[in-house]
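Worth saying up front: this structure is predicted, and the values here are computed from it rather than measured. All ligand and atom numbering here is 1-based and tracks the order in the structure. Heads up: numbering here begins at 1 and tracks the sequence.
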Amino acid sequence: MSSWVRAHTNIALIKYWGKENEELIIPMNHSLSLTLDAFYTDTKVLFDDSLNQDELVLDGVLQGHESLKKVQVVLNRVREMAGISSHARVESINHVPTAAGLASSASGLAALAGAASHAAGLSLSEKDLSRLARIGSGSASRSIYGGFAEWIKGYDDKTSFAVPVDDADWDIGMLFIVVNDAKKDVSSREGMRRTVETSPFYDGWLQTVDGDLTNMKEAISKRDVYTVGEIAERSALKMHATTLGAIPPFTYWSAESMKAMDAVRQLRKKGYAVHFTMDAGPNVKLICKASELAELKRLLSEHFDTSRLIEARPGPGLHVLTR
Ligand code: ADP
Ligand code: DP6
């Protein structure tokens, strides 16, 4: 009753921002992402009758109630589906900084969904794995797939899941400028809740998502990296604008984030097809041609320490590890 599974992080190009149903994690809007090779999570789940409670050990450290709670949402669903009652020991290694806006929750909860269901003897379809990952963390629903994935918002547990869009086997990549990899002050969960409840700009966000998504899918089908980046940058800026109207207001941007955004604009002026996106943290992710990653990294190393510049290419979907 044990299994090791690897899931890679994904970065949204059309952001998920806001929940219609907090308990089931049904989002307010559709979203679309690219799964990446550079960051991932390996998770092992063992169901064991001799345990008297569930345990989560993340990067060698036994985790407290808050993180365990998210994990237990997934474990409980798996136990219900498999008809078992044993407690589980979850061991996870994040090859990505945790809670720093680099999408550890996406790879972490997707790997958990895969490992827990496999360890319980279930053989779920990708769609059902996506639904299972979703109840742990919304963005995890998309990490089941490699390349581009769309999370169709749906309206209940059965209809809200991600689907593959394109394998991204073409000239697209991302360059991460890791401004700060410390744990953030406002989690994405708290940030989106506060924004939906209190920001007058939230309705404006919802109005343009569907149009952006349609245009994004068209740009992907044409393998047009410039337009993909342009739409993604606009989507991210609109999402981040909503946080300034929240009560109390907040922002994920730091002075370094703005320096990074400015550097991207300068590169664009020089003729590079490069744009940025940001998530619930200060780090900036560049969307560019994979073939230009090395050159862009070299140019940016004039302004940022090279150890903070990480190249990423499209990554694979969830898979079981043989060890
Ligand atoms: P991030 O930007 O890293 O996704 P979030 O605040 O959205 O930040 O999510 C971070 C939370 O996700 C952690 O505090 C923890 O509860 C959960 N998490 C991250 N990695 C794992 C993992 N490997 N296994 C289980 N839960 C994880
Ligand atoms: C800004 O998936 O981490 O990265 O569903 O509450 O666990 P929960 O939130 P999470 O939020 C991700 C927010 C985002 C945008 C995105 O990935 O689409």
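- Evaluated by nearest non-hydrogen atom to atom 8 (P) of ligand 2, the leading choice among Met278, Lys70, Arg189, Met239 is Arg189.
- Contacts between Ser188 and ligand 2 below 4.0 angstrom, taking non-hydrogen atoms only, involve the side chain exclusively.
- Close N/O approach between Ser104 and ligand 1 is found [any backbone or side-chain N/O within under 3.5 Å].
- Across the listed options Ser188, Ser139, Ala280, Ser188 owns the non-hydrogen atom lying nearest to atom 7 (O) of ligand 1.
- Contact annotation: Ala103 has at least one heavy atom less than 4.0 Å from an atom of ligand 1.
- Atoms of ligand 2 lying under 4.0 Å from at least one heavy atom of Ala12, given by number and element, are 16 (C), 17 (O), 18 (O).
- Within the 4.0 Å heavy-atom shell around ligand 1 one does not find Leu112.
- Considering backbone and side-chain N/O of Asn94, one or more are found under 3.5 Å from N/O of ligand 1.
- Every N/O-N/O distance between Thr41 and ligand 1 stays at or above 3.5 Å.
- Scanning for side-chain hydrogen bond (donor to acceptor under 3.5 Å, both in side chains) contacts around Ser301 gives an empty result, with sequence neighbours left out.
- Considering backbone and side-chain N/O of Asn10, none are found under 3.5 Å from N/O of ligand 2.
- Per-residue contacts place Met192 under 4.0 angstrom from the following atoms of ligand 2 (heavy atoms of the residue considered): 9 (O), 11 (O), 13 (C).
- Close approach to Ser105 involves these atoms of ligand 2, each under 4.0 Å from a residue heavy atom: 3 (O).
- Of all the atoms in ligand 2, the ones that sit under 4.0 Å from a non-hydrogen atom of Arg142 are 16 (C), 17 (O), 18 (O).
- At the top of the distance list for atom 1 (C) of ligand 2, counting protein heavy atoms only, stands Asp279 OD1, 3.6 Å.
- Counting only non-hydrogen atoms, the option in Ser139, Ser187, Ser137 that gets closest to atom 7 (O) of ligand 2 is Ser137.
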